[in-house]
Amino acid sequence: MIEWWSILLFFFISFSILIFIGVPVSFSFLFINVIGSFIFMGGVQGVKQLSLSIYSALSNFTITPIPLFILMGEIIFQSGIAFKALNVIDKFFGKIPGRLSILSVAASTFFSGLTGSAISNTALLGSILIPEMKKKGYGKPFIIGPIIGSGGLAMMIPPSALAVVLGSVAHISVAGILVGSILPGLIMASLYTLYIITRALIQPSLAPAYESQKHSKTTILKEFFLFVLPLFSVVILVIAPIYFGAATPTECAALGCLGSLVLSAFYKKLNLAILKKSLEVTTKISCMIFLIIAGSVGFGQIISFTGAGNGMTLFMSSLSISKTTLIILTIIIMLILGCFMDQIAMMMITLPLFMPLIHQYQINPVWFGIIMLIAMDIGFTSPPFGLLLFVFKGIAPDDISMPDIYKAAIPFILCNLITIILILVFPNIVLYVTDIVKH
Amino acid sequence: NETAAISLKTITFTTKNSVWSKNFEIFTDMIEKESDRTITFQFVGGPESIPPFEQIEALKNGVVDVALLPGAYFVPQLPEADTMKLSPYLPWEERDKGIYQFYQGLISDKLGIYYLGKITGGTRYHFYLKKHIKKPDFKGLKIRVTPIYEPFVRALGGTAVTLAPGELYIALERGVVDGFGWPSIGVTDLGWHEVIKYVVYPGFYQTDVCILINLKTWNRLDSNAKRLFHSVIEKTERHSYELSQQMANDEKVFLKNRGIGVINFSGEEEEYYLKNADKAAWDRISVKSPSNALRIKQLFKK
Amino acid sequence: MVNMSRLLNCIISKMAMVSGFLILFIMFSICTEVAMRQILNKPLMWTVEISEYLQVYITFLGAAWVLRKDGHVRLDVLLNNIGSDKRKILYCLSSVIGALTVLLISFFSGWTVYEQFNLKTPVIKALEIQKWIILMPLPIGSFFMFIEFVVKIFSADSENK
Ligand code: NA
Ligand code: NA
């Protein structure tokens, strides 16, 4: 019987080597999957099983919003609608330091009401905002950070597919988690904003101020009605159907796509060239992301098949420890597993083992679940292997390198850590709201 | 005399902490204990290790030795598995009536898998709704379906909607769909009780969670081990039946206490409802495998 | 030789084009689904399912083209900090690893397709489509990725000389 840690080490080291020498992320995953399934899943039959796992990772409706949001973002970007709208916003908020970065946090918070997936959120905002922020001379930390950091907000602010899965795997009240994660989500967003403003004040070069020319109020108002309001109406069109029960979140992504097509037609910007260019970019990014998903899902499955993830969790939970240490250990486990697998696999491996302990220690499960959500978000965005970082790399222009992304992500990870600490120290941030729901 | 220790790789269609996996653990624990741990089970996980609908292939190919899978998860490979839910008998009655033996032959011939038995038999399905209905009539209702009861929803005039399981909670909460079908246990585990208002009480079909063993693995076992497996499953099927009845009752009380209304039909309407449930399913199976469907129907006759 | 590479080029970009159209198709079909369900109370039933299957097609039909465009994300830390000779060697090495990977996947998924074709196993949802049809893009897409990797290996080699 091979020990869990030697198996984890095997996967970690071989994956690190492949990534480090520059094998694309998706092929690194797939290479280890082929080898790993041969070794651990009984030879040739195991590798055959791998092709079924690729198929079932991809034929999954939860990833449908990804290409749809990228397409929506591309259409809005290629047709120049976003640029005009952002210009108006710039005129409005010209003096606020780092306003476009703050806008991306705000937009992300807003779109979180639509998506439950960090990848979709990152893809949407990345494709709309990155080019504009570059044009306006924003520094890399301010282009990259907010979009990555805000990806995690998608999981915190309802509806969140991940929160629903968490609730059902852990047998925790889904409503409790959905409602309880709103406040921590807003705290995260505020911390991001605080960081952006502070850093922009210290390092003004990161977010060049808008040269304020005199604009008559009527010009601004006219431009607002012409460029901002229509874009805003598409956003509303996307979100409203969820709240009126007309469509599921995924369906709203498709409606948003259609909405942006209609909008660009309205501005007479819809032509074959733009559509072709948008589709080309969408195909490129979607294929890249989907292949990474196919690889990482299989990777997680093989590790859990070997029992290594299970072994680690069991080992940690067998240590007799205090309540706080237990919580910290679970956070550490989520961060380690975050290097290897997607969030749903992480939850399915750890929660069935954690939950009995949580009940035994009489820890409030909703409170614990929300800490788990944030910990998973950190695992998803932490260097060197956070999947969201690689996704972002695929969306970003070529001159943004992985180290740029790492550096930009760290402050936002710290904001998330602070949020976890706040929840640990002041449990009422979560409990107060969930208590209201109960009564 | 010493027998070589055997370790069997085991997979389940749900996560470890689900009702079904817990009942399965009673079975595996008992085998391990009564064999003095010469037979042990190595749980390689649930859906996080092998996607549920691909587990049957893993079992066939010997990637795993034992699997816990409901009939619906191998209907693609064996259309007749669709009839298991229609049985009017409890698992031990099926043994006496030769029904178990019939399925065993079928599954071994067509899939190369040994069908050992079922756990939590006798657990019925119900519809869980957001809107009240007075009669067995789903006109105007949008019901999230799985292939298990999709024909039934159509037969009742409902609109069958397919949704990813992860989206069901939000779809119910926001009213994109009006209800879904599920066994009488496990609804509260998944949090869906938070977003429904009624449960339609007459239960239809029954769960058919099978314990399946790779045929080569099974043939490798000596006769003592085989006998042990059979004696333990015969104990577990009764035990897990009682346990699941108890849980179903608890869940019923829990739902009632939460203010979820119970919808009952009059005797005549109930009969119509249940007849339709069976008819819808038989109609589908009869097209796919007419001769076996007829055989099974004969076996099911009371 | 020139004709061969032109043909390859053509096939790979046509496959990617199909990928793009499939994304567009998914969008329109889901919008139609919402309209049919909310307005006519007659959902199409197949949109979720078809979208799921098409995602397999989108990924594997487009992957070789993305490879040609160097669109598969990699860690560039080491690559950016070494000499161009060493970089070429690493590029070549990762192409070899990639080629090996997709060749194996192509072979084993091809085997699975063959098995499923003989078994005629359907996927039991609303449409009951045969599983081999959905698995089909795996061996095909992987095979073209393999060719693309091989081209990369040899073109790096000729640049070295
Ligand atoms: Na969200
Ligand atoms: Na990580």
Side-chain angles (χ1 to χ4, degrees), chain A residues 18-28 30-31 33-34 44 47-52 54-55 58-61 63-64 67-68 70-71 241 246-247 250-255 257-258 261 275-276 279-280 282-288 290-294 384 390-391 393-394 401-403, chain C residues 16-17 19-21 23-24 26-31 33-34 37-38 47-49 51-53 55-56 58-63 65-67 69 71-80 87 90-91 93-94 97-98 100-102 104-105 108-113 115 123 131 134-135 138-139:
Chain A
L18 290 173
I19 291 282
F20 191 65
I21 64 170
V23 179
V25 180
S26 44
F27 297 107
S28 302
L30 290 170
F31 180 72
N33 291 355
V34 173
V44 169
V47 189
K48 261 168 64 197
Q49 198 71 34
L50 180 68
S51 47
L52 293 173
I54 293 174
Y55 141 80
L58 290 173
S59 63
N60 187 335
F61 204 57
I63 61 172
T64 308
L68 297 176
I70 297 171
L71 183 58
T250 304
E251 289 168 346
C252 287
L255 293 175
C257 229
L258 190 66
L261 272 177
L275 191 65
K276 189 170 169 254
L279 268 180
E280 222 177 87
T282 307
T283 307
K284 193 174 148 196
I285 299 175
S286 309
C287 276
M288 183 275 289
F290 278 1
L291 205 60
I292 290 182
I293 290 175
F390 289 119
V391 168
K393 177 81 172 76
S401 70
M402 272 329 274
Chain C
M17 219 146 87
S19 266
F21 277 118
I23 294 173
L24 213 55
I26 288 179
M27 176 199 111
F28 281 118
S29 70
I30 293 177
C31 291
E33 164 85 20
V34 177
R37 188 184 59 225
Q38 294 306 121
T47 44
V48 173
E49 198 178 337
S51 307
E52 290 183 337
Y53 303 155
Q55 280 156 200
V56 184
I58 289 168
T59 311
F60 279 87
L61 291 184
W65 174 76
V66 177
L67 191 59
K69 300 234 151 192
H72 290 291
V73 175
R74 59 172 95 216
L75 189 67
D76 48 14
V77 181
L78 183 65
L79 293 173
N80 289 344
R87 191 182 311 151
L90 280 190
Y91 266 122
L93 180 64
S94 68
I97 292 172
L100 190 66
T101 309
V102 287
L104 287 169
I105 291 178
F108 283 103
S109 60
W111 185 355
T112 312
V113 168
E115 262 184 14
V123 179
K131 202 168 188 171
I134 310 160
L135 285 166
L138 265 75

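Protein chains get the first letters and strands the later ones, always in sequence-line order, with residue 1 at the start of each. Just so it is clear, the model here is predicted, and its values are computed rather than measured.
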Trainee: Which heavy-atom pair separates A:L58 from C:Q55 by the least distance, and what is that distance?
Mentor: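 Closest approach of A:L58 to C:Q55, heavy atoms only: O-NE2, 2.8 Å.
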Trainee: Heavy atoms only: give me the nearest C:G20-A:L279 pair and the separation to one decimal.
Mentor: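 Minimum heavy-atom contact is O-CD2, 3.4 Å.
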Trainee: Using non-hydrogen atoms only, which part of A:E280 is less than 4.5 Å away from chain C: side chain, backbone, both, or neither?
Mentor: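 Both backbone and side chain.
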Trainee: Could you tell me which portion of C:L93 (side chain, backbone, both or neither) has an atom closer than 4.5 angstrom to a non-hydrogen atom of chain A?
Mentor: side chain
Trainee: Give a yes or no answer on whether the side chain of C:R74 reaches the backbone of A:I21 with a donor-acceptor pair at less than 3.5 Å.
Mentor: no
Trainee: Is there side-chain contact between A:Y55 and C:V123, with heavy atoms separated by less than 4.5 Å?
Mentor: yes
Trainee: C:E49 versus chain A, heavy atoms under 4.5 Å apart: side chain, backbone, both or neither?
Mentor: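 For C:E49, no heavy atom lies under 4.5 Å from chain A.
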Trainee: Quick one: which of C:P139, C:C31, C:S109, C:S51 has the most heavy-atom pairs under 4.5 Å with chain A, could you say?
Mentor: C:C31
Trainee: Step by step, work out the side chain to side chain contact (heavy atoms under 4.5 Å, CB included) result for A:I54 and C:V56.
Mentor: CA-CA 9 Å; A:I54 293 174; C:V56 184; over 6 Å; no
Trainee: Identify the two heavy atoms, one from A:V47 and one from C:F108, that lie closest to each other, and give their separation to 0.1 Å.
Mentor: CG1-CD1, 3.4 Å
Trainee: Given 3.5 Å as the limit, does a donor-acceptor pair link the side chain of A:E251 with the main chain of C:I30, or not?
Mentor: no
Trainee: Locate the shortest heavy-atom distance separating A:C287 from C:V66; write the atom from each residue and the value.
Mentor: CB-CG2, 3.6 Å
Trainee: Name the one of A:L255, A:L71, A:T64 that satisfies side chain to side chain contact (heavy atoms under 4.5 Å, CB included) with C:M27?
Mentor: A:L71
Trainee: If you count heavy-atom pairs under 4.5 Å between each of A:P403, A:A246, A:P241 and chain C, which one has the most?
Mentor: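 Most pairs with chain C among the choices: A:A246.
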Trainee: Counting C-beta onward and ignoring hydrogens, is there a side-chain heavy-atom pair between C:I23 and A:S286 closer than 4.5 Å?
Mentor: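 Yes, side chains in contact.
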Trainee: Who wins among A:I63, A:N60, A:V25, A:V34 for the most heavy-atom pairs under 4.5 Å with chain C?
Mentor: A:N60
Trainee: Just jot down the side chain to side chain donor-acceptor pair (under 3.5 Å) partners of C:T47, sequence neighbours excluded, or say none.
Mentor: C:E33
Trainee: Starting at CG of C:L24, measure out to CG of A:L261 and round the result to the nearest 0.5 Å.
Mentor: 7.0 Å
Trainee: Report the option among C:L79, C:L100, C:L138 that has the most heavy-atom pairs separated by less than 4.5 Å from atoms of chain A.
Mentor: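 So the answer, after comparing C:L79, C:L100, C:L138, is C:L138.
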Trainee: In terms of heavy-atom proximity below 4.5 Å to chain A, should C:V34 be classed as side chain, backbone, both, or neither?
Mentor: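 Only the side chain of C:V34 comes within 4.5 Å of chain A.
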Trainee: Under a 4.5 Å heavy-atom cutoff, which of C:L67, C:N80, C:L104, C:I105 has the most pairs with chain A?
Mentor: C:I105
Trainee: Only counting residues at least two apart or in another chain, list the ones meeting side chain to side chain donor-acceptor pair (under 3.5 Å) with C:E52.
Mentor: C:K125
Trainee: Determine the option with the most heavy-atom pairs under 4.5 angstrom with chain C, choosing from A:V391, A:I292, A:L52.
Mentor: A:L52
Trainee: As an exercise: rank C:V77, C:I58, C:I97 by heavy-atom pairs under 4.5 Å with chain A and give me the winner.
Mentor: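 Of the options given, most contacts go to C:I97.
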Trainee: Shorter than 4.5 Å, heavy atoms on both sides: which option in A:K284, A:K48, A:K393 has the most such pairs with chain C?
Mentor: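 Winner by heavy-atom pair count: A:K48.
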Trainee: On a heavy-atom basis, which atom in C:G71 and which in A:M288 lie closest, and how many Å separate them?
Mentor: O-CG, 3.1 Å
Trainee: For C:V113, is it the side chain, the backbone, both or neither that has a heavy atom under 4.5 Å from a heavy atom of chain A?
Mentor: neither
Trainee: Can you name the closest pair of heavy atoms from C:T112 and A:S51 and give their distance?
Mentor: OG1-OG, 3.0 Å
Trainee: Can you tell which of C:M17, C:R37, C:K69 has the highest number of heavy-atom pairs within less than 4.5 Å of chain A?
Mentor: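 Heavy-atom pairs under 4.5 Å are most numerous for C:R37.
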Trainee: Which one wins on heavy-atom pair count under 4.5 Å against chain C: A:P67, A:G22, A:G394?
Mentor: A:G22
Trainee: Sort A:L18 into side chain, backbone, both or neither according to what part of it lies under 4.5 angstrom from a heavy atom of chain C.
Mentor: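 Side chain only.
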